[in-house]
Amino acid sequence: MLTVRAPATSANLGSGFDVFGVALGAPADVIRVERAPETSISITGAGSDYIPTDPEKNTVGAVAEALDAPATIRIDKGVRPSSGLGSSAASAAGAAVALNALYDRGLSREELVPVAAEGEALVSGEAHPDNVAPSLLGGFTIATDDGVTQVDASLPVVACLPETSVSTRDARDVVPKTAALEDVVDTVGHAATLAVGMTRDDPELVGQGLNDAIVTPERSALIDGYEAVREAALETGATGVTVSGAGPGVLAVCYASDRRAIAGAMMDAFDAEGIESRAYQTTIGEGARLYPDG
């Protein structure tokens, strides 16, 4: 048996739609695999009742098929589905690492990105690497058609998750098909600022870089209480706030000394809207970790 801990992720980061992503220290999925004549999947943990175990309908089944690596696969979900925290990506990335090692396929983490992304396609409809890349590689990632660039960033963040859901497909449906030139220029500037901030582990630059006038306003409208939560986080010291992935998770960048207060303020703001939530006081951290001894 091999065991992999695969982290939650936050994609887009406001200005980097379908390109930027970060690995989060918490929460995470734990995937255990053993060789078998054919693939079978069992799931426990957060939202497990809503995740199909049929290998043809599950992200890890697609990964097993792509690697020609049939296995008994056990998934303990720490990342809730429909959270905006890369739930399906964590499972796909963890399975890719585990099965690659189990069958000694010899693929690098970078080479596993498109494999795991194919698993993601079962959920989102398209093979986007913006979540699987950071879950595999850790830190901050930039995923383009030319490949993935990774930076070992380490920044304090708060990921606040309300007890509501937003489907990835619904979130993609509200993305504008066109944008004003001034908004594109503004977003490019913020994306560049964010990328530089990640290389310096600078919460101020990264916080500024989260701003986006094109996609985030449309997606945030799908999240009840978002504006109140955003304002609460900023007033408590967050350097920037945005929708995590497709939502409804909300990501705040901050200094470590403010993290606890920001988490409380975000939860209180959701509570004032009648919505229960939980907050992960965490950091941008490492990618999937393999435990060979199970």
#### Entry: Atom of A288, atom of V4 and distance for their closest heavy-atom approach
CB-CG1, 3.9 Å
### Message
Atom CD of residue position E182 - does it have more than 12 heavy atoms of other residues, nucleotides or ligands inside 6.0 Å?
### Response
yes
### Task
Of all the heavy-atom pairs spanning I73 and A64, show the shortest one and how long it is.
CD1-CB, 4.5 Å
### Task
Can you see which heavy atom on P162 is nearest to which on S277, and at what distance?
CA-CB, 3.7 Å
### Query
Given side chains that start at C-beta, do those of S83 and L161 come closer than 4.5 Å, heavy atoms only?
yes
### Query
Transitively linked via ILVMFWY side-chain contacts under 4.5 Å: F17 with V22?
no
### Task
Please confirm whether the backbone N or O of S42 pairs with a side-chain atom of T53, one donor and one acceptor, at under 3.5 Å?
no
### Query
Quick one: does R80's side chain have a donor or acceptor within less than 3.5 Å of a partner on S82's backbone?
yes
### Message
Please tell me whether S91 and D29 have a donor and an acceptor in their side chains that are separated by less than 3.5 angstrom.
### Response
yes
### Message
Closer than 3.5 angstrom, by distance alone: can the side chain of N100 be matched with the main-chain N or O of L107 as a donor-acceptor pair?
### Response
yes
### Message
Side chains of S15 and D212 only: does a donor on one sit below 3.5 Å from an acceptor on the other?
### Response
no
### NZ or CZ of R35 within 45° of Y103 ring axis and under 6.0 Å
yes
### Query
How long is the span from the CZ atom in R259 to the CD atom in Q281, to the nearest 0.5 Å?
6.5 Å
### Query
Hey, does V241 have a side-chain heavy atom less than 4.5 Å from the side chain of L210?
no
### Task
List the steps, then state whether side-chain contact (heavy atoms from CB on, under 4.5 Å) holds for L85 with L24.
CA-CA 9 Å; L85 298 178; L24 302 177; 4.1 Å; yes
### Query
Can you list the steps and then say if D224 with E273 is a side-chain contact (heavy atoms from CB on, under 4.5 Å)?
CA-CA 8 Å; D224 292 337; E273 300 288 330; 5.9 Å; no
### Query
Within a strict 4.5 Å, meaning less than it, do heavy atoms of the N58 and I43 side chains meet?
yes
### Message
I need the R219 CZ to I214 CD1 distance, nearest 0.5 Å.
### Response
13.0 Å
#### Entry: Side chain proximity check, V158 to M266, heavy atoms < 4.5 angstrom
yes
### Message
Using 0.5 Å steps for rounding, measure from the CD1 atom of I31 to the CG atom of L290.
### Response
11.0 Å
#### Entry: Cluster overlap I223 with V79, hydrophobic side-chain contacts below 4.5 Å
no
### Message
Could you check whether E163 pairs with R278 (Lys NZ or Arg NE/NH1/NH2 to Asp/Glu carboxylate O, under 4.0 Å)?
### Response
no
### Task
Please answer whether the main-chain N or O of D146 pairs with a side-chain N or O of T144 as donor and acceptor at a distance below 3.5 Å.
yes
### Query
Just by modelled atom types, is the L194 backbone N or O under 3.5 Å from a matching donor or acceptor in the Q208 side chain?
no
### Any side-chain donor near an acceptor of the partner, S244 and S10, under 3.5 Å
yes
### Query
What is the distance from atom OG1 of T164 to atom CD of E276, rounded to the nearest 0.5 Å?
11.0 Å
### Task
Look at the side chain of R109 and the backbone N and O of L137, then say whether any donor-acceptor pair between them is shorter than 3.5 Å.
no
### Message
Between T283 (side chain only) and G285 (backbone N and O only), is there a donor and an acceptor less than 3.5 Å apart?
### Response
no
### Query
Is any side-chain heavy atom of I51 less than 4.5 Å from a side-chain heavy atom of P81?
yes
### Message
Under a 3.5 Å cutoff, is there a donor and acceptor pairing between the side chains of E231 and Y226?
### Response
no
### Query
For the side chain of T236 and the backbone of A261, is there at least one donor-acceptor N/O pair under 3.5 Å apart?
no
### Query
Quick one: OH on Y50 to OG on S87, what's the gap to the nearest 0.5 Å?
13.5 Å
### Query
If only atom types and distance count, is the side chain of S135 paired as donor or acceptor with the main-chain N or O of N131 below 3.5 Å?
no
### Query
With a 4.5 Å heavy-atom cut-off, do V97 and L112 have their side chains touching?
yes
### Query
Do I275 and V243 belong to the same hydrophobic cluster, where Ile, Leu, Val, Met, Phe, Trp and Tyr are linked whenever their side-chain heavy atoms lie under 4.5 Å apart, directly or via other members?
yes
### Query
Are any of the side-chain heavy atoms of R200 and L205 separated by less than 4.5 Å?
yes
### Message
So does D68 get a backbone contact from the side chain of R105, meaning a donor-acceptor N/O pair under 3.5 Å?
### Response
yes
### Task
Work out which heavy atom in A238 is nearest to a heavy atom in I262; give both atom names and the distance.
N-CD1, 3.4 Å
### Message
To the nearest 0.5 Å, what is the distance between CD on E110 and CD on Q150?
### Response
8.0 Å
### Message
For T44 and K77, which I'm curious about, is there any donor-acceptor pair between the side chains at under 3.5 Å?
### Response
no
### Side chain to side chain, L251 and L13, heavy atoms closer than 4.5 Å
yes
### Where G207 and V253 come nearest, the two heavy atoms and their spacing
N-CG1, 4.5 Å
